[in-house]
Amino acid sequence: MSKRIEIKNLLEATELDVKVVVKGWVRNYRGNSFVMFAALNDGSSLQNLQVVIDIEKFDAAELKKISVGCSLSVEGTLKASEGKGQRVEVVAETIEVLGIADPEKYPIQPKKHSLEFLRENAHLRFRTNLFGAIMRVRHNMIYAIHTFFTERGFYNIHTPLITGSDCEGAGEMFQVTTLDLNNLPKTEDGKVDYSEDFFGKMTNLTVSGQLEVELACMALSKVYTFGPTFRAENSNTTRHLAEFWMIEPEIAFADINDDMDIAEEFLKYLIQYALDHCREDLEFLQERLIQEEKSKPESERSMPLIEKLQFVLANDFQRLTYTEAIDILKNSKPNQKGQFKYKIEGFGADLQSEHERYLVEKHFKKPVILTGYPKEIKAFYMKQNPDGKTVAAMDILFPGIGEIIGGSEREADFDKLNKRIEELHIPMKDMWWYLDTRRFGAVPHSGFGLGFERLMLFVTGMTNIRDVIPFPRYPKSAEF
RNA sequence: UCCCAAAUAGCUCAGUUGGUUAGAGCAUCUGACUGUUAAUCAGAGGGUCACUGGUUCAAGUCCAGUUUUGGGAGCCA
């Protein structure tokens with residue numbers, strides 16, 4: 001007998017009445033004392049394949065082993081379905097139960113489960129329609145990211161996950177050590193003696209690959225890093241993870257406008273790719289959202305998922321400066337009526353998520369790119385504008401997500417960068433290598449960071465970031 | 001970390017002003033039914049009411065602490 005055929009291919013097959021081998025997991029099992037029906041799924045498609053089992057032809061003890069969650073290998077004939085719910089089905093001739101799933105103990109039922117329950121069973125949640133769809137979309141987005149950059153002459157640089165610099169400034173870090181925590185070597189003044197540690201110094205998991213990818217940029221011109229990043233912030237929200245994946249391109253000879261152009265093109269490319277390659281899964285996700293929002297009043301319901309994605313493609317992102325945004329917010333109704341928790345008084349205010357949401361969801365009603373932030377609220381490496389008070393930073397704000405991309409033109413001038421580092425008292429003794437990019441052949445360059453799971457939230461319409469990554473890591477949670 | 005809410009059967013939930021033996025639907029098990037679509041119908045089993053302590057004649061219900069979960073905030077991607 002031939003090799004197994006993936007269910008996706010069988011469902012699309014035009015040649016019927018042929019012998020096939022199909023393998024997968026039973027999603028549903030029902031019938032009567034004469035004929036049983038097993039809905040089989042192998043992950044190749046959202047759709048299940050119906051396996052028809054004529055009870056007379058099989059050993060009763062073997063059939064008894066079949067239940068929801070078990071794995072089967074089936075040989076049979078692909079036929080036009082006699083029933084109404086599907087085009088084709090496989091009439092089984094031999095069935096082997098590869099692995100049983102005790103129905104008293106298997107937690108995934110053929111019904112809707114709460115996302116909380118599935119998070120507690122994250123090891124099994126892949127076996128649901130929802131997480132199958134999410135993981136297929138996730139894979140397609142990963143592939144599209146590499147395709148986008150490859151097509152444009154970018155090189156993928158693997159930046160280190162273990163870093164010896166402690167001044168990246170992007171958040172709290174997880175320490176990496178092989179020292180015996182119960183018996184730490186100490187220096188004469190009583191501090192931990194890191195010269196005894198594996199790397200001979202204190203090391204952490206990276207919070208960003210940007211500084212390293214800038215080094216490669218100063219030779220390869222167009223580069224990107226796409227890897228996991230780690231933040232030890234104690235943040236418990238639907239938008240933060242302790243371990244998440246970030247895409248950080250860095251482009252030589254590009255200014256802040258080039259940076260915005262490519263960031264917008266990038267996001268639109270990824271959304272278009274999802275629409276072109278994940279249609280069935282997106283339709284499923286859309287339907288799920290519609291069902292979920294049925295309890296809400298009509299005015300609070302959001303645009304259907306696919307329509308929302310198409311809307312983003314069809315419209316230019318609204319570009320404006322931080323100063324212009326402050327003006328809009330200052331004069332906005334909620335600000336004047338005191339409906340904002342943090343009132344906008346004028347230049348210098350850090351925008352809170354309520355303000356970003358107002359701009360994106362109420363005022364412009366589309367994605368917004370904000371530029372020219374006050375230097376005080378942005379990172380040290382951003383290019384200082386001639387006005388002496390703002391930097392060439394840009395944030396892309398998406399509805400429902402908030403900041404999806406943060407980027408900037410980098411300060412290429414050694415003296416200006418060094419002065420900023422001194423002003424902020426950043427400990428740069430371990431960062432001599434970064435400053436060398438400005439000492440030797442510095443060029444204007446720009447880049448940005450896209451939080452991959454935030455993109456996934458937008459594309460899938462999911463609302464909790466813990467549901468768009470296979471194994472979420474967040475405070476008090478590293479079970480699976 | 002802060003604010004608000006919640007934790008009852010495998011799952012989703014109900015449980016009145018504190019008062020006999022804590023309920024339902026789904027799932028599971030048994031049976032019925034010749035093609036089902038989250039099949040249907042009948043019956044059965046299934047509970048340390050998150051944990052610890054307190055108030056009370058009496059606590060799933062009230063109080064305190066702890067843990068976990070959800071929503072929001074901060075930090076950010």
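To find a chain, count down the sequence lines: A is the first, B the second, and so on, and within it residues start at 1.
A centroid separation of less than 6.0 Å is found between the aromatic rings of F398(A) and F317(A).
For R466(A), a side-chain nitrogen or oxygen approaches OP1 or OP2 of rG70(B) to under 4.0 Å. Contact check, T238(A) against rG72(B): a side-chain N or O comes under 4.0 Å of OP1 or OP2.
Atom CZ of F117(A) is separated from atom P of rG10(B) by 11 Å (rounded to the nearest Å). Between the CG atom of L450(A) and the P atom of rC76(B) there is a distance of 18 Å, rounded to whole Å. Counting to the nearest Å, the P atom of rU69(B) and the CG atom of L118(A) are 15 Å from each other. The distance from atom NE2 of H240(A) to atom C1' of rG74(B) is 9 Å, rounded to the nearest whole Å. Between E104(A) atom CD and rA9(B) atom C1' the separation is 13 Å, expressed in whole Å. I108(A) places its CD1 atom 12 Å from the C1' atom of rA27(B), with the value rounded to the nearest Å. Atom OH of Y474(A) is separated from atom P of rU68(B) by 11 Å (rounded to the nearest Å). Protein atom CG of D54(A) is 12 Å distant from nucleotide atom P of rG35(B), rounded to whole Å.
The R119(A) side chain lies nearest to rU69(B) when the options are rU34(B), rU69(B), rA73(B). Residue K341(A) has its side chain nearest to rA73(B) when only rU12(B), rA73(B), rG35(B) are considered. Nearest nucleotide to the side chain of K476(A), out of rU68(B), rC11(B), rG74(B): rU68(B). When distances are taken from the side chain of N464(A) to each of rC76(B), rG71(B), rU69(B), the shortest belongs to rG71(B). Listed nucleotides: rG70(B), rA73(B), rG35(B). Nearest to the side chain of E116(A): rG70(B). Counting only heavy atoms from C-beta on, T237(A) has its side chain closest to rG74(B) among rU1(B), rC29(B), rG74(B). For Q352(A), taking side-chain heavy atoms from C-beta onward, the closest of the listed nucleotides rA38(B), rG74(B), rA27(B) is rG74(B). When distances are taken from the side chain of N32(A) to each of rU36(B), rG74(B), rU34(B), the shortest belongs to rU34(B). Considering only side-chain atoms of Y342(A), the nucleotide from rU34(B), rA73(B), rG25(B) that sits closest is rA73(B).
For rC11(B), its base never sits under 3.5 Å from the side chain of H113(A) at any donor and acceptor pair. Evaluation of atom-type donor-acceptor distances gives no pair under 3.5 Å for the side chain of E354(A) against the base of rG72(B). Looking at Q86(A), its side chain comes within 3.5 Å of the base of rU36(B) through a donor and an acceptor atom.
Residue contacts shown for F37(A) include a base, since a base heavy atom lies under 4.0 Å away. Among the protein residues, K84(A) comes within range of the nucleic acid bases, having at least one heavy atom under 4.0 Å from a base atom. Residue T229(A) is classed as having no contact, given no heavy-atom separation below 4.0 Å to the nucleic acid. Looking at heavy-atom distances under 4.0 Å, I404(A) makes contact with sugar-phosphate atoms alone, never a base. Residue K64(A) is classed as a sugar-phosphate contact, given heavy-atom separations below 4.0 Å to backbone atoms only. Across all strands shown, E89(A) has heavy atoms under 4.0 Å from base atoms, whether or not it also approaches the sugar-phosphate. Contacts of Q109(A) with the nucleic acid, taken as non-hydrogen atoms under 4.0 Å apart, include base atoms. Within the 4.0 angstrom heavy-atom criterion, no nucleotide atom of any strand lies near P107(A). Using a 4.0 Å heavy-atom distance criterion, Q50(A) is classed as a base contact.
Comparing the P positions of rG70(B) and rC13(B) gives an interatomic distance of 13 Å, to the nearest angstrom. Here, rA32(B) and rC51(B) have their C1' atoms 45 Å apart, quoted to the whole Å. Spacing between rG65(B) and rG71(B) at atom C1', rounded to whole Å, works out to 23 Å. Spacing between rA44(B) and rA9(B) at atom C1', rounded to whole Å, works out to 15 Å. Straight-line distance between the P atoms of rC26(B) and rA64(B): roughly 39 Å, to the nearest whole Å.
Considering F458(A), F226(A), F244(A), W245(A) in turn, F226(A) is the only one that fulfils the ring-ring contact (aromatic ring centres under 6.0 Å, His included) rule with F452(A).
Stretches of at least 3 consecutive Watson-Crick or G-U wobble pairs, with each checked distance under 3.5 Å, appear in RNA chain B as B:1-7 with B:67-73, B:10-13 with B:23-26, B:28-32 with B:40-44, B:50-54 with B:62-66.
In H146(A), the NE2 atom is crowded: over 12 heavy atoms of neighbouring residues, nucleotides or ligands sit closer than 6.0 Å.
Ranked by how close their nearest RNA chain B nucleotide is to the 5' end, E120(A) and K112(A) are led by K112(A). Residue-to-nucleotide proximity on RNA chain B shows that, of R30(A) and S67(A), the 5′-proximal contact is made by S67(A).
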In a table with atom names and distances, give each donor-acceptor pair under 3.5 Å that connects a side chain of residues 473-480 of chain A to protein atoms at least two apart or in another chain.
unit_1, atom_1, unit_2, atom_2, d
R473(A), NH1, F480(A), O, 3.3
R473(A), NH2, F480(A), O, 2.6

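With 3.5 Å as the limit, one finds a donor-acceptor pair spanning the side chains of D395(A) and Y373(A).
For D467(A), the salt bridge (Lys or Arg N to Asp or Glu O under 4.0 Å) partners are R119(A), R125(A), not counting sequence neighbours.
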